[in-house]
Every structure is written in structure tokens, then in C-alpha cells.
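Side chains included, hydrogens not; waters and symmetry mates left out as well; all remaining heavy atoms used. Below, chains carry the letters A, B, ... as their sequence lines are ordered, and counting in each starts from 1. These numbers were taken from a predicted model, which means no experiment stands behind them.
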There are 2 protein chains.
Amino acid sequence: MPMPASVQQGRGMLPVTQSFSVSVTGAHDPALEAGVQRFVAQLSRHTGIPFPAKAGATATLTVRAEKGLDAVLKLGDDESYQLTVTSSSAELTAPTTLGALHGLQTFLQLVTITSSGFAVPAVTIIDQPRFPWRGMLIDVSRHFIPIDVLKRNLDGMAAVKMNVLHWHLSDDQGFRVESKTFPKLAGMGSEGHYYTQAEVRDFISYAHDRGIRVVPEFDTPGHSRSWFVGYPELASGEGPFTVENENGPSSVTDPTREETYKFMDKFVEEMGKLFPDAYFHIGGDEVDGKFWDSNPKIQAFKQAHGMKTNQDLQAYYNQRLQKILAKHHKIMIGWDEILHPDLPKTIVVQSWRGQESLAAAAKQGYSGLLSYGYYLDLMWPAARHYAIEPLSGGAAGLTPEQQKLILGGESCQWSEWVTPENIDSHIWPRNAVIAERLWSPQTVTDVNSMYTRMYAVSLQLESLGLKHNSARDRMLQRMAGTAEINSLRVLADVVEPVKDYSRWDDSKGPIDFHAPLNRMIDAVYPESERAREFSAQVQQFVQSGYRDQAAEARIRNWLTLWRDNDATLHPLLQQSALLQENIPVSQNLAMLGAAGLQALDYLDKGQAEPDLWKTQQLAVVEQAKNPVAGLLLMVVAPVQQLVEAAGKAPHQ
Amino acid sequence: MPMPASVQQGRGMLPVTQSFSVSVTGAHDPALEAGVQRFVAQLSRHTGIPFPAKAGATATLTVRAEKGLDAVLKLGDDESYQLTVTSSSAELTAPTTLGALHGLQTFLQLVTITSSGFAVPAVTIIDQPRFPWRGMLIDVSRHFIPIDVLKRNLDGMAAVKMNVLHWHLSDDQGFRVESKTFPKLAGMGSEGHYYTQAEVRDFISYAHDRGIRVVPEFDTPGHSRSWFVGYPELASGEGPFTVENENGPSSVTDPTREETYKFMDKFVEEMGKLFPDAYFHIGGDEVDGKFWDSNPKIQAFKQAHGMKTNQDLQAYYNQRLQKILAKHHKIMIGWDEILHPDLPKTIVVQSWRGQESLAAAAKQGYSGLLSYGYYLDLMWPAARHYAIEPLSGGAAGLTPEQQKLILGGESCQWSEWVTPENIDSHIWPRNAVIAERLWSPQTVTDVNSMYTRMYAVSLQLESLGLKHNSARDRMLQRMAGTAEINSLRVLADVVEPVKDYSRWDDSKGPIDFHAPLNRMIDAVYPESERAREFSAQVQQFVQSGYRDQAAEARIRNWLTLWRDNDATLHPLLQQSALLQENIPVSQNLAMLGAAGLQALDYLDKGQAEPDLWKTQQLAVVEQAKNPVAGLLLMVVAPVQQLVEAAGKAPHQ
């Protein structure tokens, strides 16, 4: 994952034993040498085999790249590669180191344990990406995410061939990068958590070595309260400003003062050097016009310049900003709202609104990126992200030339509800299927295959150092105060956090970004594999006309486990302040288990159950649909299906 | 754990909420400030609560140390502290920062989740160590262990108040520290894995900040083949030498050449500066005399100097070496074999032989450390280590003055069978009970309490960053090639690696130190908690006269799980080359489960079972006792007990 553009199966397997070694030919490139060393280390972790530091005389895998990595990676760099594996050796060739790095990751994914040892199936792969821009946004403003956590996520991105880290570095809640020109930006605009410039340079270099561009975002003129803590003169409204007080004055930048542009000029000059990428993201989303409306000077400015709407004023701001960016050799990128005919066609529009919005931009000649449908923080199942096709909807009708303007997309990890501890599990493994959507041919859409491969990759990602699985157990153990969490796992395995913005809606009032995120809702996976599998088993049983006894036995096992689990779990939930809120969830699961088992009994007997029973059970089902403690019980629907089936005519 | 010297329970609990903060008074000491910051970070990880970087106005916990850490820690530094927790605040006072650091760890262990949140029970603790030297040896020669793995083990040591890291830096298989004076020591005496001097300094500083001394060991004149690869002139026998070839010439240092002492003088001068601790370990164990016997020049030297035995020659060598150490202000420490009346009373003898050996040294006025009984690599259960009392056996009869010469002890992690991946699980949590033996009063001996507290500490150690639990799952998943390892865990939970030196004996021929350690035997815990609990349940059932139905139900559950597990597990074992060797283990477990269930049936019926049945089942039991793939099934004994009980007279 992502599925290569072309795969041709061969015969036999290439064994991966302790004598495995890699040789590199072609252009000498330190980045490729380092990439091969990382690959060997990763292969060691994957297999538990300590490969010798020095390669043997005859290499198992030869790697050849014609051209090394440039000092600065560019959009559209050749990322293709060809990998040929036979039962005796393997060959990886690529026009550039970028492609070779991708090919190494493909090889790593192919290494599996067999009955005769680790091996790679013989295969010929010819591969290149469908879209040149395959990114992930990480918001480090709402919750600060330390560099080491970001680095392991870069490793994960490289494993699934994503090539852009979009670093959302500033927002109302924090300005996260050191500015030497304007030290009060991070100095006052954060609670002390920000990246030094040395850390930023090290991080960019780390990303570069993995073929990943780093695009910084400094959101403006909205979402910029953190700027104003140290520099209130930039704001349209009155201060004093603080990053901590969600009820305090929020504001947007004042686009009418010349000093604002002098500030931005110096700022872009400094940050433009720190971040070598050609693209510079200025945000531009969700500008709250009321701060402009309530400022008489800004109103006067609009009138004097013949601007009718705040959109016009923002376009004016963006035009001025774009000229500053151009002066410092940067290409502007921003969210949907920046789209305005007065801006040059060089800019890129990132769409959180959808394919229609992208299509509209493309028709006007603007490049675009899709992020709508790729918001990882909304807790959607992987399949729903997977179904989001950039060239569908409004974009399907574009001409081939216009379609080329759709550069790709970006998943987004907004960080209102994550900490360094659980961010991995909010990103992985679901992010891998977005990576596949953006890399693989449009025809690759099989959902079952996707899930199988996603969970295989998930395992590999943990061995790379990501903690999306292991962190859950640690958090559950903390809540329980013991390592004996089997019954808690049973519950955790079948729940998911509420979807979309429900958690915001439920939180009543502004979010406290410093509150602990140590509840069950923070620990569980966004998608329940167990519930998906159980649901599939129920489908299979139903489709067999209730005759598939193996499926029924499996269903009974799960239902029995769930029915009986609360007896063990309840005392554990009771004694922990962090777990008490989940008591009704566990009870609902027990009732669902009992209802499902009774339904199966009726189905087995071939009798329709009494109406009263059905009414009662459906009431149980309905109640279990309500989220409790922000958790959804994901086995409600299949149990409901069994209960309703048992109400139909006898089938035997 | 370790249990404090004095604990007095109070009333109520001190809540640990987000407003928790710490203030430091007393002598300003950066090490204490850093220690408090680490403590707050650890408390955050333990609770999931992000405590503010800046403490609030009124501190929950006040910490006061009269005296800061010295630049170099010394044996016998005051480590005492007093901790008072009430329902509204906590106070920690100590004569030195060392004691305060220990007190913070005690506080951390007291934080538990309750039904009203995290809290610490009100308590007054007055605590100091029983022995001043509480160490752990880590051998980094046989398998190189990277600094980050060692650092997390230092964190673990600090958590259980151990205060000496004994760094076994050289042995036949590798010389692991850079020498600028003799660059070929690590340069040729390792396969490229060694610590630079900068890394060593950083590591010592990391340990110092945690109140841990670092004592280096350079084993000589035996166990020193790695020295000879670059400097063959030091050896008594002929080269060429290599660290890799276990069948090649091993050798011991030639103590008859003056050049040897010139070399050692320069070497000790350099390493003595790099390692600031007052103690310098010269090994001195297991010198193979045949290399001296077969060298005519050495024989002539012995004769000329009137030496009768090789022990005399080694004593001569040690005397010369001791003078070199003294010149460079170092105190010599070595294994049992260095003990010789010609050496000054300042030296310290570390005993792998036992308390008798220590007592003999103490009677001659020599200080000593116990390591006999504390070898973690022998895979003993925690209780067996826990029972090893330094002042027992021969040492029990010492005078109080002589007993004071017993400075403490050291656990030993010899690294023939560990890698960076699984070393944590070979050390933890068992090492915590050795720490308790050396810290807590001699009267603290309750084994059940020990196990309860050991597993509580174990959980906390994982949250510090140790991987003794999480690594097992990752290794099992690797072997299985899937994340679905429930049935494999069932098996892993009831097996232990073979004990003592059985694995060496089974390996037939020299160990290949570069072979993969990725088998089941490498992944499982040294001690099975499940088997210990199961055994306790069977005892309870037997002692109840087979009438305790709750115990019987639990026993039945486990036996049923084990009986049925092989059906699921067998296909998984079959398809993996790494797991196939465990097929008979899984089958044995299934047969034990079946035998145990049948025995319970007979017991329930109150009938003695037929003789033939019993004979058959005891044959199954006997077979299951044999180690397979280096694994012992730890539930054999309790199942045997059930089978034999069922053969006795009816009990109803």
C-alpha cells in the first residue's frame, strides 16, 4: 500500500536470510546511501535479523538511481521506479533517488514470513504516482507536537509514499516557530512550546532525506490571535490578546495599515529562508468579518478603495501578500477562500470545501489540492476517506488540461483533540488509504483488499516506531490502574469516538486546550476493526439464509463474550474516575450481546419471536445507538439486523 | 518498590489534579531542578494530565534538599529522605539532592487512579537504603546495546533507587569504548559498534543527574580477546585474533612483559579521566591458565619469581595493576578471583560465587559486593532472586564491623542472549525485586506482596519508556506476520525460557553472537505471571478439599482455553518458519488442558479415576515437562497435581 501502478507476479520467492545485502550503483548520492542504510535497519526490525553492517560480495538487492536528490525537492520531481524480484535476486532502478526510496519501501512491504523463512514473492513492479502532491497537514498549534513525534510520522509518510508535510505552524492557540526578527511571535504567542530554527532545519533535512517536502503554513489574516499577543498592532480589534483564553478577544489581521505589510515582508523574508520549499501557505480560511466591520478606520478604508465586501478586502490583502511572497521567490498557497480573479494563476488553492470548489478554480486556471474528505480528525472510517476521489463530482467534467491543475491532495490532522501520545492513532493506519488514493491508479478501489492491506501496513508502521497501536494499551492501563485490561480491551475494540464535529458540539462552550485528553474516547481507535469484521460475519450469515453454521458459531462467540464481559469489567470501571463514564456503554454492550444471542436462538428454532420480545429488544438497540461518553457502539447495526431477522417468517 | 524503611499510613488522600505543582526550596541545585522537571513529565505520562510548565502560586508538593549533587557521586553519599503526604499537601525533605530524587520516585509510585481521580494516600515515610551500593551490570560486549536503550534502563534503575551502573565494556566478543590512546582497541576489537568518548560523557552525565554512578569494567587478564585483535603483543598466546571467530585462538594477557604495564598505565590514565568514578573494575574472572602454561617464557618467569600457581601469577598482575590504578586515583574492584592477601584492603571483591566467598573476604578485611543469585540472564523467577540475602549463609556469622564491609550487590545482565529489542524484558520487572532486596530492611520478605508491587512497578516502568512488555507483542506479531496474535499470546503467557545455562548447553558448539534472536524463546517473559496465578488457584482449590467452586470455575476456564487454543494456533505456527518449532509446545498445552479438565470431572463426581487413565495422563505430564524449542511449559506442575489428586480416594 499504496498499490503500484503495475504489478506482474512472477514464480517463486526470494529468501531474505542473514546473508541478505544491498549494493548501490549509479550516481553517488549520500541521500540514497542513507536511505539504503535506513532500509536495512528497517528490514532488521521487520525480521529480527541483524544484517551485517558491511554488505557481502554478492548483493541480493541492487539499487540504481540515475540522479541524486536535489538540495531542495520540487513539485513534479520524477518519483518513478521499477522493481524486479526473482527467486535469486532483486533489482531496483529509478531515474532519481526519490523513486529508489519509494522502491525500497515497496520491497520492505513485500517481505513476509513464510513456512521457510522471510521471503519476497517474485514480481515485476513498474510504478509512479498518479498525483505529484500527496501531503499530510499536521496542526501543531492547538496542541503542540514535539519534533520526535513528527519525525516518526515522517517515517510513516515515507512508508506510504506521501511526499509533502504541510506544517500548520500558527493558529489562534499558538505560534510554534521561533522568529529571530519578531521574537515575540513564539515568545509570547505560545505557552513556551515551539520549535527553534535549528530544530526546524534539522526537521526539514530529515524530511528531505525521506523525499518529503515541508510546506509551512502561517495562517492569516484569520486564525491568527497568537500573532497578536506579542504584536497587537497587527490586529483589527482591541487587545490585550492571549493564546489561552478562548473567551478573550479573537481578531483578524488589519489589512489597511502599511505597517502590516512591512511586518509581513520581513516575516516572509525570514521564514522564506528557513523553509526552502517553493510553496508558502498563508492559510486565508474562515476570516471573521465582524472584526473588520466593527473598526471604523477599516470601514473607511474599504469605502475609499471602493470595496463592497470583506471578501474584496481579503483579496486586496492576499494580492499584497502575494507580491511579498513573489519578491521572496515563493508561490502562494491558501485555502478555498483565497480564490479571487485578481490573484495570479500561479497560486494554489487547497480545498476544504470539495471537488466543486476545486473544479471552479481549475476552470479559471488555478491549481488545486483536495483536502475535503481527508480530515482525519473527523473520525471517519478508512473506507469513507478511500472513496473520496479528487477527479469526481464537479472535477470529473474538467478537460484533461484542467485536470492536470489538480495537483493532488492532503490529509489533515487538526489537533484540537490530540496529544503527542495519541496523535499517531488518529493518523494511522487510516492515512495510508488516503496515500493510496493519491498514488495509485484511479481504478484501485476494492475496499476489502484495501482493509487487508491497510492492516498489514499498520503492523509495519508500528515496527517503524509509530505508536498508533501500542499507545492505546498504555492509555487503557493508565485508566484502569492495572496491566490486566482484557475486559477493557473487549469494550474498547467495539467502540469508536463520535464523528465529525459532534465532540465539539458536546463540549458546550469553548474547548480548553490544556485539559487532559486521557479518557476512553481519547484512547480508542477511530475505526473498530472488530465491529467491521463482526458486521461482515452477520452479513454472511444472513445471506446464507441463516444456514452458515460456521459464521453463526463465530457470531455466537462474540455475542457471548460481549454479554458476559460487563460482569468482569464493571468493577474495574467503577473504581476509576476516568472509566466511570463508560459504565453505560459496557451495559449496553452486554444487552446487545444478550439480544443477539436470543435472536439467534429464535432463528435456530425457526420460530418468529413474540412481538413483545422484539419490541423490547429494539428498544435496547435504539438506546445503544446513543453516544455515551463520546463513544459509539459499533456493533449495534448488525445486532439490530439479527433481531429484526428473527421477527420474520420462519425459514426452516 | 523498594519498600521504604518506615511507612506510617495517614488519613485521606491527596488529589492529583491539573492544578498540581511542585516548588523547590533549600540549596539551589540544577540537578534537583532538572529532577523535578523530569518528575512532572513522568507524572504527566502516568496520569495523562498536562501539568502547566510554570508552577502555580501554591505548590501541592514542596521539595527541599539541604545540599546539591556533587560533581562526582561518591559511595556512601547520604540518600535518605522524608516524605509527608496529607490530604491537602505533600512535603519532601532530604539532606541531599540524592535523597530528594529518591523521594520523588516514591511519590510517583504512590499516585494511583481512584474513583474520584488520581490521588496519593496520606502517609509519612522515613526512608534510607540498607546498602550503599545497589547496582546493575550490563554487558555490552557480547551484544552491543545502544546508548538510548541504556538510558531508558537508567530511568528504570532510578525508579527503583538503584545507584550504580556497572558497565561491562569489554570481553572476548567486543571492545566497546573509543580509546584515543589506543584506537585499535575499539577500532579493530569490535564490528564497528562502540561508544565514542562524547557519548560516554553524555551517558555519565545522564546517570549523574539521576543519582547513578557509572563504574566501567575492562575485563583483564582473561575475557580479553577483543584487546588482542588490534594489540596482539598483549596476549600470552599466538594470534591472529578476531572478535568474530569463537573457534579461533582465545587468550589471556601476558603479565610477564613490562610493555603490558606501560600499556595499562596509559590506558588507565585515559579511561580514568573519561570515567570520573572512584572505582575502576578490572574483571579478573575466569582466567584460563592454559595460555600461560603453554608459553615457555611465562613459565620461566613464574619459576624465576618463585610463583607456584597461575593464581600467584594473576595476583602479581593484579598487584601491578592495582598500583597503576592507585597512581591514577582509582580504587580497584574485581571478581572473586582477584582476592589475594598481597592486595591492599582498599580493593573491592564482587562475588559471583556466593555469600561464603564474600564472608571470607570480609574476614580478611576486604569490602565486597554480592552478585551471586542476581544473574538476570539465568531466567530465574523473581522470588528466587528476592530470597538471596547478602547477609545470609557464611555472611550471617560476620561481626557487625565485618558486615559493614558488605557494601551491597549488583544484578547482572550478561548479554549472550539479548538484543536491544528484548534486553528490557530480561531485566524488568525482575530487577526491581533485587533493588528492593538491597534497599529495604532485611525483614521485608513477603513474596505475595512483592509480586503485587512488582507488577505495579512494571506498569509504571513501561510508562517511563521501557519496553519490557510492549516488545513481546511486537516480536510475536513479527513471528506470526499478523497483528492477530491472541492465540499465540495464550501460549506465550504460560511458557518460560529454559533456566540457568541450559540454552548454552543446548546450543551445541560455540554461540554465534550475530545470529538472529527472533524466536519465541527470545520474546517470552522470563517468568510467567499466568502460570504463577494458575498454580496459586490450584493450591487454593486443593486446600479447600476440592470444594472451592469459584476457584474450580477459574481453573476450568483456563484449562478449557488451553485445551482449545491449539486448534486456532496450529495453522499460525505452521505457516511461519519462526514458529514451527513451537508446534509441540502448543500440543502439549492442549493435552494438559484436557487432562486437567478430566481430572476435575473425576473430582467433581467424587470417583477415583481408572488407573489406566491416570497412567496415560501422567505420561502426558511427563512429556510436557521436557523443554521444546528452549521453552518450559509452566503449568505442568499444577495440572499434575490435579491429575494425581483425582487418583486418590473419593472426597465426597
Heavy atoms only: give me the nearest B:Asn518-A:Ile49 pair and the separation to one decimal. ND2-CG1, 3.9 Å
So which atom in B:Glu462 and which in A:Arg474 form the shortest heavy-atom distance, rounded to 0.1 Å? O-CD, 4.2 Å
How far apart are the closest heavy atoms of B:Pro516 and A:Gly48, and which atoms are they? CB-O, 3.5 Å
Does any heavy atom of chain A fall under 4.5 Å from the side chain of B:Ser458, the backbone, both, or neither of them? neither
Atom group of A:Gln574 that falls short of 4.5 Å from chain B, counting heavy atoms: backbone
What part of B:Glu529 lies closer than 4.5 angstrom to a heavy atom of chain A: side chain, backbone, both or neither? side chain
So, for B:Ile113 and A:Ser576, which heavy atoms are closest and what is the spacing to 0.1 Å? CG1-OG, 3.3 Å
Among A:Ser463, A:Ser44, A:Gly117, which residue forms the greatest number of heavy-atom pairs with chain B at distances under 4.5 Å? A:Ser463
Would you mind checking which part of B:Ala456 comes under 4.5 Å of any heavy atom in chain A, side chain (CB onward), backbone (N, CA, C, O), both or neither? neither
Toward chain A, the part of B:Gln580 with a non-hydrogen atom under 4.5 Å: side chain
Can you give me the closest heavy-atom contact between A:Arg478 and B:His46, atom names plus distance? CG-O, 3.2 Å
To check you understand the geometry: which heavy-atom pair defines the closest contact between B:Ala577 and A:Ser115, and what is its length? CB-O, 3.5 Å
Structural part of B:Met475 lying under 4.5 Å from a heavy atom of chain A: neither
Segment of B:Leu573 engaging chain A (4.5 angstrom heavy-atom cut-off): neither
Report which part of A:Arg45 has an atom under 4.5 Å of a heavy atom belonging to chain B: side chain, backbone, both, or neither. both
Say you draw a straight line from CG of A:Asn486 to CZ of B:Arg489; how long is it, rounded to the nearest 0.5 Å? 8.0 Å
Can you measure from CG (B:Asn469) to CD (A:Gln477) and round to the nearest 0.5 angstrom? 7.0 Å
Under 4.5 Å from a heavy atom of chain B, the part of A:Leu579 involved: neither
Return the option, out of B:Thr482, B:Thr112, B:Thr419, with the maximum number of heavy-atom pairs under 4.5 Å with chain A. B:Thr482
More than 12 heavy atoms from other groups under 6.0 Å of CD on B:Gln37: no
Please examine the side chains of A:Phe118 and B:Leu578, heavy atoms only from C-beta on, and report whether any two atoms are closer than 4.5 Å. yes
